[in-house]
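For this chain, numbers begin at 1 and follow the sequence in order. Whatever order the structure lists ligands and atoms in, that order sets their numbers, starting from 1.
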Amino acid sequence: MMAPVWLPKTLLLVVLLSAESYTIPEDAWCYSEPRCAPNTWLSLGHCNGKRQSPIDIISGKATYNSSLGAVNLTGYGDREKLLEIKNTGKTVDIELASGLLLSGPGFPAPYTAKAFHFHWGNGVSRPGSEHYINGKRYAMELHIVHTKNNLSISHALKDPEGIAVLGFFVEGSKNVTAKTAEAWEEFIKNLEKVSVKGKEEELESTVSLLDLLGSTDLASYYRYLGSLTTPGCNEVVIWTIFTDPILVPPKVVEAFPSELYSTESSNGPQLENNNRPLQKNGDRKVEASFKLHSAASLVSQSATFPLFLFILTLMSFLPA
Ligand SMILES: *[C@@H]1O[C@H](CO)[C@@H](O)[C@H](O)[C@H]1NC(C)=O
Ligand SMILES: *[C@@H]1O[C@H](CO)[C@@H](O)[C@H](O)[C@H]1NC(C)=O
Ligand SMILES: *[C@@H]1O[C@H](CO)[C@@H](O)[C@H](O)[C@H]1NC(C)=O
Ligand SMILES: *[C@@H]1O[C@H](CO)[C@@H](O)[C@H](O)[C@H]1NC(C)=O
Ligand SMILES: [Zn+2]
């Protein structure tokens with residue numbers, strides 16, 4: 001009974017995948033013009049799917065999985081790996097040399113870092129991360145994009161676990177370690193060289209990815225299966241979202257929207273608010289690599305609830 005039904009469906013899926021993905025024209029989508037804003041993406045690629053990203057991660061609904069230990073990053077401390085920086089009009093993308101390997105619990109194979117890019121809002125005043133944690137949005141989000149077994153991107157898009165993205169929140173803060181501040185200040189000097197869309201420059205690398213990650217705890221993260229956050233929104237991504245934001249000087253957060261333009265001329269609009277709105281989580285499982293203290297918070301809730309009632313009762317006696 002099952003086989004004759006199942007087989008044609010599989011064939012159909014294979015045909016669809018090879019025909020469409022990765023061929024969405026660059027001007028078919030954008031972040032803010034009504035003609036091409038995110039609410040028009042539903043007809044593009046897989047953007048209307050059920051495994052879409054980003055999502056608001058609710059810690060109370062996540063499941064602690066004790067086998068999710070620290071991710072293992074090999075070569076990320078190498079300062080020679082940042083090859084080229086490009087303003088795509090949608091983000092700033094940094095191409096990486098080969099040899100940066102990601103492995104660890106939950107990854108079905110080793111993954112190779114290919115590039116990284118950012119999503120941001122408009123400086124410190126308007127946060128622009130794509131993922132949220134418990135309704136909180138951060139200033140920026142860094143995405144390091146990896147492919148399984150060093151596949152090319154176009155091949156990785158055909159595997160439901162073909163891409164692994166490491167997502168780090170970036171937040172402006174006065175409490176920044178000198179070493180991390182120095183790395184980011186060095187890094188953002190490159191932005192002015194690619195201020196307009198289409199500009200690309202070789203990097204004289206003086207920083208490594210590890211320098212940029214600072215003291216982020218690589219053992220504290222959420223894990224879920226999702227999609228690319230730009231069209232075709234291919235549902236091929238193992239997401240790892242780290243809980244510790246990278247703290248950077250506020251001027252770093254200001255530099256992205258103020259130094260980058262989304263068009264080929266610097267008369268055009270600034271490159272800002274380049275993030276996709278939240279998508280439905282559906283019944284997807286979000287795992288946490290750390291204990292969520294849900295039992296503890298239940299206990300404290302049960303202890304404070306009577307107190308809360310008592311205060312409410314007292315207040316109801318107060319004149320309005
Ligand atoms: C990390 O991965 C490298 C290979 O990329 C491997 O040699 C090393 O043993 C791994 N370390 C751990 C702690 O798993
Ligand atoms: C915990 O994570 C490991 C690695 O991803 C996975 O094999 C296992 O099924 C997970 N356990 C549960 C209970 O989901
Ligand atoms: C990974 O793929 C890239 C691009 O195809 C290639 O240049 C590089 O040598 C590959 N790395 C390894 C370790 O095979
Ligand atoms: C500043 O950061 C350090 C280490 O990241 C932390 O231990 C300390 O509590 C922070 N201080 C404030 C005022 O937030
Ligand atoms: Zn991204």
Legend entry - Flag if over 12 foreign heavy atoms under 6.0 Å of CD, Glu95: yes
Inset, instruction - May I ask you to list the atoms of ligand 1 that are less than 4.0 angstrom from any heavy atom of Ser103? - result: 2 (O)
Legend entry - Those atoms of ligand 2 less than 4.0 Å from some heavy atom in Glu287: 1 (C), 10 (C), 12 (C), 14 (O)
Inset, instruction - Establish whether atom 13 (C) of ligand 2 and some protein heavy atom are separated by less than 4.0 angstrom. - result: no
Inset, instruction - Among all protein heavy atoms, pick out the one at the shortest distance from atom 5 (O) of ligand 2; state its residue, atom name and that distance to 0.1 Å. - result: Gly106 CA, 3.1 Å
Inset, instruction - Tell me which protein heavy atom sits closest to atom 8 (C) of ligand 1, plus the residue, atom name and distance to 0.1 Å. - result: Asn72 ND2, 3.7 Å
Inset, instruction - Applying ring pair (Phe, Tyr, Trp, His ring centres under 6.0 Å), run through His143 and Trp239 and close with a yes or a no. - result: CA-CA 10 Å; His143 287 160; Trp239 280 98; 4.9 Å; yes
Inset, instruction - Could you grab the angle centred on the Zn ion (ligand 5), going from NE2 in His117 to NE2 in His119, to 10°? - result: 110°
Inset, instruction - Compute whether any side-chain donor of one residue and acceptor of the other, for Ser262 and Tyr31, lie under 3.5 angstrom apart. - result: no
Inset, instruction - Please work out whether any backbone atom (N, CA, C, O) or any side-chain heavy atom from C-beta onward of Arg223 is under 4.0 Å from ligand 2, and answer side chain, backbone, both or neither. - result: neither
Inset, instruction - Flag the pair Glu26 and Lys90 as a salt bridge only when some basic side-chain nitrogen lies within less than 4.0 angstrom of an acidic carboxylate oxygen. - result: yes
Legend entry - Atom CZ of Arg126 with >12 non-hydrogen neighbours under 6.0 angstrom: no
Legend entry - Proximal atoms of ligand 1 relative to Leu101 (non-hydrogen, under 4.0 Å): 5 (O)
Inset, instruction - Inspect the surroundings of NZ in Lys193 and state if more than 12 heavy atoms from other residues, nucleotides or ligands are less than 6.0 Å away. - result: yes
Inset, instruction - Answer yes when Arg79 and Asp211 have at least one side-chain N-carboxylate O distance shorter than 4.0 Å, and no when they do not. - result: yes
Inset, instruction - Using a strict 4.0 Å cut-off to heavy atoms of Lys285, name the atoms of ligand 2 that fall inside it. - result: 14 (O)
Legend entry - For Ser67, the ligand 2 atoms whose distance to one of its heavy atoms is below 4.0 Å: 1 (C), 2 (O), 3 (C), 4 (C)
Legend entry - Nearest protein heavy atom under 4.0 Å from atom 2 (O) of ligand 1, yes or no: yes
Legend entry - Pairing of Glu201 and Lys86 as salt bridge, 4.0 angstrom limit: no
Inset, instruction - For the Zn ion (ligand 5), find the closest N/O/S atom on His143 and give its atom name. - result: ND1
Legend entry - atom 9 (O) of ligand 2: nearest protein contact (heavy atom, Å): Asn65 ND2, 4.8 Å
Legend entry - Minimum-distance protein heavy atom relative to atom 4 (C) of ligand 1: Thr74 OG1, 3.9 Å
Inset, instruction - Salt-bridge test for Glu186 and Lys189: reply yes if a basic N is under 4.0 Å from a carboxylate O, no otherwise. - result: yes
